[in-house]
Asks: 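Okay, here's the structure, questions in a sec.
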Amino acid sequence: MRTAMVRPVVVLALVLGAFIGAAFAGPDKPIASAKSLAGEWRSVGGASAAAIRIKADGSYEGTSASGAKTTGKVTVASGKASFQSTASTGTVTLSEQSGTDVLLFMSADGKSSARLQRVK
């Protein structure tokens with residue numbers, strides 16, 4: 001019976017966490033071009049060393065928190081962005097948090113994501 005009670009609490013905590021995270025970031029902003037994302041981006045919160053450098057053509061090189069290297073490309077169509085890397089594909093959204101641009105890379109399968117803030 002104890003396991004039955006824990007499961008709803010865990011689900012509720014995950015749902016609330018998603019809403020709270022969204023509340024701190026503003027609404028998604030349209031992305032004009034890959035060039036508008038060019039620059040240095042680092043993980044939000046500073047707990048991990050994940051970082052990417054996006055070039056004006058949308059190509060990027062990055063390092064995950066585990067130190068793994070990745071390369072890929074961000075493409076933009078109709079104000080929405082997507083990415084294709086050496087390891088996965090997915091969407092890219094842009095929002096603003098405390099006056100700073102924040103990118104969310106979400107894998108197509110929904111199993112992984114990265115929140116990065118612009119540093120340069």
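Everything numeric in this text was worked out from a predicted model, so none of it was measured. Worth knowing before you read on, the calculation uses all heavy atoms, side chains too, and leaves out hydrogens, waters and symmetry mates.
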Asks: By side chain to side chain donor-acceptor pair (under 3.5 Å), which residues pair with Glu40, not counting sequence neighbours?
Replies: Arg53

Asks: Once side-chain contact (heavy atoms from CB on, under 4.5 Å) is applied, do any residues pair with Thr100, and if so which ones, sequence neighbours excluded?
Replies: Gln117

Asks: What's the shortest heavy-atom distance between Gly58 and Ala34, and which atoms?
Replies: CA-CB, 3.7 Å

Asks: Suppose we screen for side-chain contact (heavy atoms from CB on, under 4.5 Å). Which residues come up paired with Ser112, at least two apart in sequence or across chains?
Replies: Ser107

Asks: Which atom pair, heavy atoms only, marks the closest approach of Ala51 to Arg42?
Replies: CB-NH1, 3.0 Å

Asks: In chain order, what residues pass the salt bridge (charged side-chain N to carboxylate O under 4.0 Å, His left out) check against Lys55, with sequence neighbours excluded?
Replies: none

Asks: Considering residues at least two apart in sequence or located in another chain, which fulfil the side-chain contact (heavy atoms from CB on, under 4.5 Å) criterion with Leu104?
Replies: Thr93, Ser113, Arg115

Asks: Going by heavy atoms in the side chains, are Tyr60 and Phe83 under 4.5 Å from each other?
Replies: yes

Asks: Which value, rounded to the nearest 0.5 Å, describes the distance between Leu94 atom CG and Leu116 atom CG?
Replies: 11.5 Å

Asks: Only counting residues at least two apart or in another chain, list the ones meeting salt bridge (charged side-chain N to carboxylate O under 4.0 Å, His left out) with Glu61.
Replies: none

Asks: Which heavy atom of Ile31 sits nearest to which heavy atom of Ser36, and what is that distance?
Replies: CG2-OG, 3.9 Å

Asks: According to side chain to side chain donor-acceptor pair (under 3.5 Å), who are the partners of Ser88, at least two apart in sequence or on a separate chain?
Replies: none

Asks: Show me the donor-acceptor pairs, under 3.5 Å and distance only, between side chains in residues 70-81 and residues at least two apart or in other chains.
Replies:
unit_1, atom_1, unit_2, atom_2, d
Thr70, OG1, Thr86, OG1, 3.1
Lys73, NZ, Asp57, O, 3.2
Thr75, OG1, Ser82, OG, 3.2

Asks: What pairs with Ser85 under side chain to side chain donor-acceptor pair (under 3.5 Å), at least two apart in sequence or on another chain?
Replies: none

